[in-house]
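Presented below is the structure to which this report refers.
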Amino acid sequence: MTISQTPPQKITKSYVDKLSTPATGQAFVRDMELKGFAVRITSTGAKSFILEKRIDGKVKRVTLGRYPELTVEQARKEAHKLLGHIATGRNPIAEKKQEVLKSTTLKQAFDDFVRVRKNLKERTLYDYRRLMKVAFVDWQDKALTNISKDMVTKRHSKIGAERGEAYANLSMRFLRALFNFAIAQYEDGAGHSILRENPVARITQTRAWYRVERRQTVIKPYQLLPWYQAVMSLKQDKLSKQPALVADYLLFLLFTGLRRQEAATLKWSDIDLKDRTFTLTNTKNREPLTLPLSDFIYHLLESRKADPEYGYVFAGDGKAGYLIEPRRQVQRVIQMSGVSFTLHDLRRTYITIAESIDISAYALKRLVNHKMTNDVTAGYIVSDVERLRKPMEQISARLLQYFGVNET
């Protein structure tokens with residue numbers, strides 16, 4: 001950037017009005033009466049007043065305001081005031097930064113949180129954005145410093161009454177993480193956080209968290225046949241391809257025990273139909289895992305592969321490209337079968353059936369990608385794909401038995 005200097009002048013309104021615009025960069029004209037006071041003009045014609053002064057051993061430049069919104073007289077008075085503050089040991093630049101930080105809103109903090117946390121999974125990011133829009137939609141423009149402990153406890157109770165206790169706890173765990181990030185991220189000139197404490201701590205201190213029992217629901221053996229029939233009825237919908245895709249997605253979840261996000265983000269490039277295996281790269285524990293395809297799942301994928309349209313096996317219409325939350329089709333299956341279930345219930349059902357037919361604990365842990373960090377024996381066992389193929393087929397056979405479907 002080109003910076004041109006002009007000999008000190010007495011800065012007046014008439015002088016500022018007559019200032020010529022530099023061809024490039026910016027030009028400075030310093031006042032001959034008040035040291036440090038100057039006017040700056042850029043190549044675009046914008047004029048503003050500045051004050052230059054040594055603060056904490058370094059020359060700092062403070063922008064006072066733009067001309068003509070700020071007059072010469074007003075700018076000169078502001079410069080005098082700041083010089084007085086500096087003379088008493090104050091740092092106007094640090095104070096201004098602190099004031100800006102104190103006005104940081106919840107939405108601004110969330111945007112910074114997402115920008116800094118580059119490794120957030122797509123599903124996690126989706127859930128966080130939903131919480132911002134649902135649980136804290138009226139707080140987005142509130143300054144973090146204005147969100148009090150009382151506000152947090154009242155909002156926790158409100159969400160619990162309107163949307164359920166589990167959702168209230170989830171909302172506050174998200175808000176706690178966001179405030180913890182802000183405490184570390186936003187500091188004043190002296191290196192102190194602009195937030196003294198996390199307001200969500202009040203819920204812990206008062207033991208106000210809702211006691212939510214861990215969900216243990218599964219699809220019971222006698223419910224599997226009507227559930228399967230309802231899922232297969234989705235394939236009869238001729239108006240759209242989506243119901244049939246969701247049917248395959250639900251069956252894939254049940255026959256593999258995968259988490260919904262692991263299955264949804266599976267790409268055709270992750271599947272080896274010749275080797276009858278598939279590889280998970282987007283797992284909860286971030287460790288890739290290769291698993292065998294049972295005969296049932298192999299044929300399901302082979303039929304889908306006949307006409308692939310997207311990179312994802314279970315493609316969606318949204319920006320992500322893969323299936324996010326097929327609530328409408330899930331509700332249709334529930335209504336037709338009379339079996340209430342969630343997507344994660346399918347994983348629990350898979351594990352329950354595997355345990356009922358005495359699948360090895362080590363094989364099951366590998367199939368559902370559970371870590372065995374505290375098990376010394378497990379550290380000596382290498383569960384390769386072929387060793388897992390038999391238990392995978394056994395679980396598949398038992399499911400088909402409940403469905404009343406011939407394996408062949």
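Because the structure is predicted, anything quoted here is derived from the model rather than measured.
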Taking [Y]'s backbone N and O only, do any of them form a donor-acceptor pair with [X]'s side chain (distance below 3.5 Å, no angle check)?
| X | Y | value |
| --- | --- | --- |
| Thr349 | Asp345 | yes |
| Arg202 | Ala208 | no |
| Thr204 | Val200 | no |
| Asp31 | Phe37 | no |
| Arg54 | Val59 | no |

If I compare all heavy atoms of [X] with all of [Y], which pair ends up nearest, and what's the gap?
| X | Y | answer |
| --- | --- | --- |
| Leu323 | Leu245 | CD2-CD2, 3.8 Å |
| Ala79 | Leu51 | O-CD2, 3.9 Å |
| Ala27 | Pro22 | N-CG, 4.0 Å |
| Ile203 | Thr206 | O-OG1, 3.5 Å |

The reported gap from CZ in Phe341 to CD1 in Ile334 (rounded to nearest 0.5 angstrom) is 5.0 Å
Could you tell me the separation between the CZ atom of Arg30 and the CD atom of Glu52, rounded to the nearest 0.5 Å?
4.0 Å
side-chain contact (heavy atoms from CB on, under 4.5 Å) with Lys47: of Ile41, Val29, Thr21, only one passes, and it is Ile41
For [X], all residues meeting side-chain hydrogen bond (donor to acceptor under 3.5 Å, both in side chains), sequence neighbours excluded:
| X | value |
| --- | --- |
| Gln223 | none |
| Asp248 | Lys235, Arg304 |
| Tyr67 | Asp17 |

When you compare the side chain of [Y] with that of [X], does any pair of heavy atoms fall below 4.5 Å?
| X | Y | value |
| --- | --- | --- |
| Phe49 | Val72 | yes |
| Gln74 | Leu64 | no |
| Val246 | Arg328 | no |
| Trp139 | Leu175 | yes |
| Tyr15 | Leu19 | yes |

Could you list the residues that satisfy ring pair (Phe, Tyr, Trp, His ring centres under 6.0 Å) with Tyr210, not counting sequence neighbours?
His156
Counting only pairs under 3.5 Å, give me each side-chain donor-acceptor contact of residues 125-137, with atom names and distances, residues two or more places apart or in other chains.
unit_1 : atom_1 : unit_2 : atom_2 : d
Asp127 : OD1    : Arg123 : NE     : 3.2
Asp127 : OD1    : Arg123 : NH2    : 3.1

Do the charged groups of Arg260 and Glu325 touch, with an N to O distance under 4.0 Å?
yes
Taking NZ, NE, NH1 and NH2 as the nitrogens, is one of them in Arg259 or Glu262 under 4.0 Å from a carboxylate oxygen of the other?
yes
Going by atom types alone, do Ser43 and Thr24 pair a side-chain donor with an acceptor below 3.5 Å?
no
In terms of the angle between their ring planes, are Phe255 and Phe403 parallel, tilted or perpendicular, with boundaries placed at 30° and 60°?
tilted
More than 12 heavy atoms from other groups under 6.0 Å of CG on Asp141:
no
According to ring-ring contact (aromatic ring centres under 6.0 Å, His included), does anything in residues 235-254 pair up with another residue at least two apart or in another chain? List the pairs.
Tyr249-Phe314, Phe252-Phe278, Phe252-Phe314
